[in-house]
Amino acid sequence: MPKVLGNALFSKDCTIFNSDVKFHIASTRKSLYPDISVVCGPPERSQQDIRALTNPILLIEVLSDSTADYDRGAKFRYYSELPSLREYVLVEQHTHTVETRYRKGANQPWQMDWVSGEEAEVILRSVKVSLPISALYHRTEGL
């Protein structure tokens with residue numbers, strides 16, 4: 001998935017990070033690791049956790065049986081405290097289904113959208129990119 005997203009964002013001023021990069025949420029005093037993240041413009045470091053960034057525009061989590069409830073619930077609530085965050089994407093592990101939660105600006109209400117099926121397109125509003133679901137699941141076994 002990072003490669004597909006990276007190709008789509010090639011001409012934009014955005015950086016894609018893997019799960020080794022954490023983000024600090026000052027209001028909750030937590031630092032969390034998303035599976036994939038996108039920062040547009042220069043990355044900003046946390047003053048409380050200098051190894052963490054603070055300004056993602058897009059966060060992506062791949063749901064597993066053991067993390068799905070946390071990713072959909074508490075983890076989303078923590079991430080939603082980040083003023084820069086515009087989109088939170090949840091990718092089902094066992095089916096071709098993607099859930100997006102997006103907002104137009106800080107303090108705006110979150111909206112949800114789901115797409116499923118191998119022929120569907122995932123629209124990432126935060127970075128103005130559309131990706132075929134089949135590309136996100138390319139070379140995944142058991143689907």
Side-chain angles (χ1 to χ4, degrees), residues 1-10 12-46 48-49 51-143:
M1 183 198 286
K3 185 176 182 178
V4 172
L5 185 55
N7 290 340
L9 294 176
F10 180 75
K12 299 180 187 282
D13 181 27
C14 299
T15 305
I16 299 170
F17 297 100
N18 64 21
S19 60
D20 293 337
V21 174
K22 65 181 169 177
F23 289 85
H24 184 74
I25 301 104
S27 62
T28 64
R29 295 193 292 256
K30 291 188 178 294
S31 292
L32 303 171
Y33 292 88
D35 292 323
I36 300 169
S37 56
V38 176
V39 172
C40 294
E44 297 172 7
R45 296 233 175 249
S46 167
Q48 292 81 26
D49 182 349
R51 292 181 306 239
L53 301 179
T54 62
N55 63 323
I57 190 168
L58 168 64
L59 297 175
I60 300 173
E61 297 287 358
V62 177
L63 301 176
S64 69
D65 294 338
S66 63
T67 66
D69 289 342
Y70 177 61
D71 289 341
R72 281 195 172 101
K75 197 170 192 183
F76 170 67
R77 285 190 303 277
Y78 299 143
Y79 283 144
S80 68
E81 296 286 322
L82 292 164
S84 65
L85 186 62
R86 297 292 173 266
E87 195 159 24
Y88 185 63
V89 177
L90 300 167
V91 179
E92 290 281 348
Q93 185 178 30
H94 302 296
T95 64
H96 288 82
T97 303
V98 176
E99 175 184 330
T100 59
R101 300 175 186 194
Y102 60 93
R103 62 182 173 185
K104 293 182 180 176
N107 302 319
Q108 295 290 313
W110 287 93
Q111 299 178 20
M112 286 194 216
D113 191 20
W114 290 267
V115 293
S116 63
E118 292 182 54
E119 305 303 317
E121 293 274 321
V122 176
I123 298 170
L124 300 176
R125 292 161 182 87
S126 60
V127 291
K128 297 179 176 72
V129 166
S130 179
L131 302 171
I133 256 187
S134 60
L136 300 181
Y137 288 89
H138 181 67
R139 294 188 177 179
T140 56
E141 299 297 323
L143 291 178

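Numbers here are sequence positions counted from 1.
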- prompt: Say you draw a straight line from OG1 of T97 to CD1 of I133; how long is it, rounded to the nearest 0.5 Å?
  reply: 6.5 Å
Counterpart residues, salt bridge (Lys or Arg N to Asp or Glu O under 4.0 Å), relative to D69 (two or more places apart): none
query: Would you find a donor on one side and an acceptor on the other, under 3.5 Å apart, between the side chain of E44 and the backbone of N55?
result: no
statement: Taken in chain and number order and not counting sequence neighbours, the residues that satisfy salt bridge (Lys or Arg N to Asp or Glu O under 4.0 Å) with D35 are none
message: I'd like to check the side-chain hydrogen bond (donor to acceptor under 3.5 Å, both in side chains) partners of T67; sequence neighbours left out, ordered by chain and number.
response: S64, D71
By side chain to side chain contact (heavy atoms under 4.5 Å, CB included) - contacts of V21 (at least two apart): F17, F23, L53
query: CD1 of I25 to CD of E81: how many Å apart, nearest 0.5 Å?
result: 8.5 Å
field: H94 vs D65 side-chain heavy atoms within contact, under 4.5 Å
entry: yes
field: Non-hydrogen side-chain atoms of S116 and T95 separated by less than 4.5 Å
entry: no
message: Using the side-chain hydrogen bond (donor to acceptor under 3.5 Å, both in side chains) criterion, which residues pair with R101? Sequence neighbours excluded.
response: E99
- prompt: Hey, what do you get for OG1 (T28) to CG (L82), rounding to the nearest 0.5 Å?
  reply: 8.0 Å
field: Spacing of E92 atom CD and W114 atom CH2 [to the nearest 0.5 Å]
entry: 11.0 Å
query: How about E119: does its CD atom have over 12 heavy atoms from other parts shown lying under 6.0 Å from it?
result: no
field: ring-ring contact (aromatic ring centres under 6.0 Å, His included) contacts in which one or both residues fall within residues 74-93, not counting sequence neighbours
entry: F76-Y88, F76-W110, Y79-Y88
query: Which residue pairs pass the salt bridge (Lys or Arg N to Asp or Glu O under 4.0 Å) test when at least one of the two sits in residues 120-135, sequence neighbours left out?
result: D113-R125
query: Which residues satisfy the side-chain hydrogen bond (donor to acceptor under 3.5 Å, both in side chains) test with Y102, sequence neighbours excluded?
result: Q111
message: Could you report the tightest heavy-atom contact between V39 and P43, atom names first, then the distance?
response: CG1-CA, 3.9 Å
- prompt: Hey, are the side chains of S126 and V38 touching, using non-hydrogen atoms and a 4.5 Å cut-off?
  reply: no
message: Do S84 and I57 make a side-chain contact, defined as non-hydrogen atoms from C-beta onward lying under 4.5 Å apart?
response: no
task: Please list, chain by chain and in numerical order, all residues satisfying side-chain hydrogen bond (donor to acceptor under 3.5 Å, both in side chains) with S37, sequence neighbours excluded.
output: none
- prompt: Under the salt bridge (Lys or Arg N to Asp or Glu O under 4.0 Å) test, which residues partner K30, sequence neighbours left out?
  reply: none
- line: Sequence neighbours excluded, the answer for side chain to side chain contact (heavy atoms under 4.5 Å, CB included) partners of A52 is K22, H24, S31, S46, D49
message: Between L32 and L59, is there a side-chain heavy-atom distance shorter than 4.5 Å?
response: no
- request: Show the numbers, then the answer: is there a side-chain contact (heavy atoms from CB on, under 4.5 Å) between V91 and I36?
  value: CA-CA 11 Å; V91 179; I36 300 169; over 6 Å; no
field: Close side-chain approach of E87 to V89, heavy-atom, < 4.5 Å
entry: yes
statement: For R77, the side chain to side chain contact (heavy atoms under 4.5 Å, CB included) test, sequence neighbours excluded, returns A74
message: So, taking the atom named CG in L131 and the one named CD1 in I123, what distance separates them when rounded to the nearest 0.5 Å?
response: 10.0 Å
